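Letters A, B, ... mirror the listed sequences (proteins, then strands); counts begin at 1. The structure presented is a predicted model; accordingly, all values stated were derived computationally and were not measured.
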Number of protein chains: 2
Amino acid sequence: MTQNSEKHWSEEISALLRAREGFALADVDPDSTPGYGGDKDTAAEDLAAGAGDLDELQERLYAQSRGDGPAASVLLLLQAMDTAGKGGVIRHVVGSVDPQGVMLTAFKKPTAEELAHDFLWRVERRAPQPGFIGVFDRSQYEDVLIGKVRSLASADEIERRYGAINDFEKRVTDAGTRIVKVMLHISPDEQRERLMERLDRPDKHWKYNPGDIDERVRWPQYMDAYQTVFERTSTENAPWFVVPANRKWYARLAVQHLLLGALREIDPQWPAATFDVAVEKARLAAT
Amino acid sequence: MTQNSEKHWSEEISALLRAREGFALADVDPDSTPGYGGDKDTAAEDLAAGAGDLDELQERLYAQSRGDGPAASVLLLLQAMDTAGKGGVIRHVVGSVDPQGVMLTAFKKPTAEELAHDFLWRVERRAPQPGFIGVFDRSQYEDVLIGKVRSLASADEIERRYGAINDFEKRVTDAGTRIVKVMLHISPDEQRERLMERLDRPDKHWKYNPGDIDERVRWPQYMDAYQTVFERTSTENAPWFVVPANRKWYARLAVQHLLLGALREIDPQWPAATFDVAVEKARLAAT
């Protein structure tokens with residue numbers, strides 16, 4: 001297995017970015033590039049090298065699931081304030097993987113049918129099957145983020161949800177899914193610049209929504225809600241990683257690296273043939 | 001809009017490959033490269049150039065669907081004998097598109113739930129939403145291909161299905177979906193080589209199934225079933241394209257080109273802002 005994408009990383013990124021006990025979101029500098037010794041140019045090269053590694057690991061993961069091996073999968077869960085770069089991560093990191101091995105879900109405002117069920121109902125339905133890399137663009141955490149900031153549910157209900165999420169994630173990881181939870185962290189100033197760019201460019205207007213500013217003015221409440229999320233749901237089996245995201249090139253590379261780490265821990269293997277190779281060769285040659 | 005990917009094509013590919021009245025599958029040489037004046041090397045360059053065009057067109061298609069514009073989408077439907085290269089097309093052509101704009105479905109052997117419904121039930125559920133490029137890896141045509149060759153349904157039922165498919169596709173195209181139906185056409189000798197390679201390589205064993213040979217020996221019946229499919233379902237609104245596929249580089253480039261053609265005919269436009277840009281800039285600046 002190639003490890004080209006390991007260049008320029010001084011430390012184990014999963015340790016550096018993990019939200020452990022005592023973690024404070026306020027201490028994270030969104031401009032920083034923890035653990036990475038390169039720059040924007042080397043990052044482009046490293047991202048391309050990492051795409052090759054990801055490609056092979058994903059194919060092995062898928063192949064392993066077709067055989068008698070363990071039923072492993074990966075779930076990359078992305079949360080962030082608007083413009084923080086979820087879309088770019090999906091396009092440039094997830095987009096380098098064979099689409100046949102990816103199960104992507106963008107969770108929007110819940111539909112009437114979804115609201116008629118428990119908040120985890122729609123999430124459970126999109127948990128990745130063995131062999132797949134599942135990707136959640138937003139997730140169950142919306143229900144304790146906007147849900148809390150906007151008081152869309154009672155305080156008791158929000159409280160219940162942290163435990164329900166932990167139980168759910170424990171079950172899913174026990175069943176063979178490795179969960180990588182990522183918050184892309186930008187600064188309010190960076191967001192203002194990115195929103196302004198959307199307003200400046202007619203080909204970006206479709207990405208802008210006046211409601212984005214209504215959320216933006218609640219920035220401190222959102223950061224508080226995220227802080228509580230990290231305290232309550234960054235568990236041993238499903239930890240949170242906070243990725244500084246003012247520099248897009250760093251955020252993409254870091255998420256790719258976390259994904260690679262999860263796959264390398266699974267260490268998927270080509271499955272053994274479930275048929276007699278010599279017999280099949282003879283059958284084929286006879287046709 | 002760039003048109004870099006137009007190089008080396010001497011004629012309109014959609015006209016060249018289309019299964020029109022009088023079309024005979026037996027007349028198609030799987031080794032041929034209709035309309036393309038380049039070779040394997042230029043094809044790699046052209047595929048990369050086409051990926052750029054596809055990228056922009058897909059983003060426009062998605063953006064248009066978010067505005068007040070027409071609710072357009074594209075459906076690429078792939079059918080082929082085993083090893084003909086559906087997977088490679090998905091990986092190398094579809095894989096170059098932002099995954100956020102793609103809705104991929106691999107239709108397998110129907111489940112008990114699917115069999116309890118009409119054969120089009122599972123297909124309808126996966127028709128692409130506006131703004132998306134839907135991709136079917138196998139499709140409703142399995143029900144008149146393997147369904148016919150293996151007598152999984154009565155002759156009357158098979159007969160009914162051609163009409164049901166045409167009605168369904170007419171409705172879907174009337175509602176704004178452009179359907180591109182592609183059969184990747186290889187020769188039996190080429191398939192033998194490709195299956196043998198899977199048997200030769202331990203990292204490819206998982207792709208091999210002894211049942212592949214059971215289908216292979218029915219090659220003539222499958223070709224007959226395909227011929228009937230083209231005669232009965234290559235309609236004005238949802239035509240079939242038969243792509244010679246012994247040369248993988250040609251098949252991938254040709255499918256990309258057909259996809260580009262469908263998107264260019266839609267000619268999606270960036271939607272106008274649904275808000276007052278100056279007002280929003282002032283709101284943003286005040287935060």
Side-chain angles (χ1 to χ4, degrees), chain A residues 55-56 59-60 62-67 86-87 90-92 94-104 106 135 137 188 191-192 195-196 198-210 212-214 216-217 219 270-281 283-287, chain B residues 55-56 59-60 62-67 86-87 90-92 94-104 106 135 137 188 191-192 195-196 198-210 212-214 216-217 219 270-281 283-287:
Chain A
D55 194 49
E56 181 177 343
E59 191 176 357
R60 280 176 182 262
Y62 188 83
Q64 174 178 285
S65 77
R66 306 297 107 171
K86 288 188 285 92
I90 294 169
R91 185 174 190 139
H92 297 282
V94 177
S96 77
V97 177
D98 187 341
Q100 295 170 97
V102 173
M103 194 173 156
L104 169 67
V135 180
D137 176 359
Q191 190 195 49
R192 186 191 298 107
L195 285 174
M196 200 58 89
R198 290 184 181 179
L199 287 168
D200 279 335
R201 290 178 52 178
D203 65 333
K204 298 286 181 193
H205 283 166
W206 67 278
K207 291 190 170 184
Y208 181 87
N209 185 317
D212 294 348
I213 293 187
D214 303 326
R216 172 174 168 75
V217 296
W219 196 280
W270 300 117
T274 52
F275 47 84
D276 185 318
V277 176
V279 167
E280 293 301 321
K281 282 189 178 182
R283 281 184 74 208
L284 178 59
T287 62
Chain B
D55 194 49
E56 181 177 344
E59 191 177 357
R60 279 176 181 261
Y62 188 83
Q64 173 177 285
S65 77
R66 304 298 106 171
K86 288 189 287 92
I90 293 169
R91 184 172 191 142
H92 297 283
V94 177
S96 77
V97 177
D98 185 341
Q100 295 169 96
V102 173
M103 194 171 155
L104 170 66
V135 180
D137 176 359
Q191 191 195 49
R192 187 192 297 106
L195 285 173
M196 202 57 92
R198 290 184 181 179
L199 287 168
D200 279 334
R201 291 176 53 176
D203 64 334
K204 298 286 181 193
H205 283 167
W206 67 278
K207 290 189 172 187
Y208 181 88
N209 185 318
D212 295 347
I213 294 186
D214 302 325
R216 173 175 168 74
V217 297
W219 196 280
W270 300 118
T274 52
F275 47 83
D276 185 320
V277 176
V279 166
E280 294 301 321
K281 283 190 179 181
R283 281 184 74 206
L284 178 59
T287 62

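- Options A/Asp98, A/Thr274, A/Val94 differ in how many heavy-atom pairs under 4.5 Å they form with chain B, and the most are formed by A/Asp98.
- In this structure, chain A has a heavy atom under 4.5 Å from the side chain of B/Leu104, while its backbone stays farther away.
- In this structure, chain A has heavy atoms under 4.5 Å from both the backbone and the side chain of B/Asp214.
- In terms of non-hydrogen atom pairs under 4.5 Å with chain A, the most contact-rich of B/Leu195, B/Val97, B/Leu199 is B/Leu199.
- Residue contact with chain B, scored on non-hydrogen atoms closer than 4.5 Å, is absent for A/Asp276.
- Chosen from B/Pro210, B/Ala273, B/Gly95, the residue pairing most often with chain A at heavy-atom distances under 4.5 Å is B/Pro210.
- Nearest heavy-atom pair across A/Lys204 and B/Glu59 is NZ-OE2, 4.3 Å.
- The nearest pair of heavy atoms linking A/Leu284 to B/Arg192 is CD2-O, 3.6 Å.
- For B/Ala63, the parts sitting under 4.5 Å from any heavy atom of chain A are the backbone and the side chain alike.
- With a 4.5 Å cut-off on non-hydrogen atoms, B/Asp212 does not touch chain A at all.
- Contact of B/Arg66 with chain A is made through the side chain alone, with heavy-atom distances under 4.5 Å.
- In this structure A/Arg216 satisfies the salt bridge (Lys or Arg N to Asp or Glu O under 4.0 Å) test with no other residue, sequence neighbours excluded.
- Ring geometry for B/Trp206 against A/Trp270 counts as parallel: the plane angle stays under 30°, on a 0 to 90° scale with 60° as the upper cut.
- Of the listed residues B/Arg91, B/Met103, B/His205, the one with more heavy-atom pairs under 4.5 angstrom with chain A than any other is B/Arg91.
- Contact detail for A/Glu280 and B/Tyr208: the closest heavy-atom pair is OE1-OH, 2.6 Å.
- When each of B/Val277, B/Val102, B/Asp203 is scored by its heavy-atom pairs under 4.5 Å with chain A, the top score falls to B/Asp203.
- Of all heavy-atom pairs spanning B/Asp200 and A/Lys281, the tightest one is OD1-NZ, 2.6 Å.
- Closest approach of B/Gln100 to A/Asp137, counting heavy atoms only: OE1-OD2, 4.1 Å.
- Note: B/Pro99 leads B/Ala285, B/Pro99, B/Pro202 in heavy-atom pairs under 4.5 Å with chain A.
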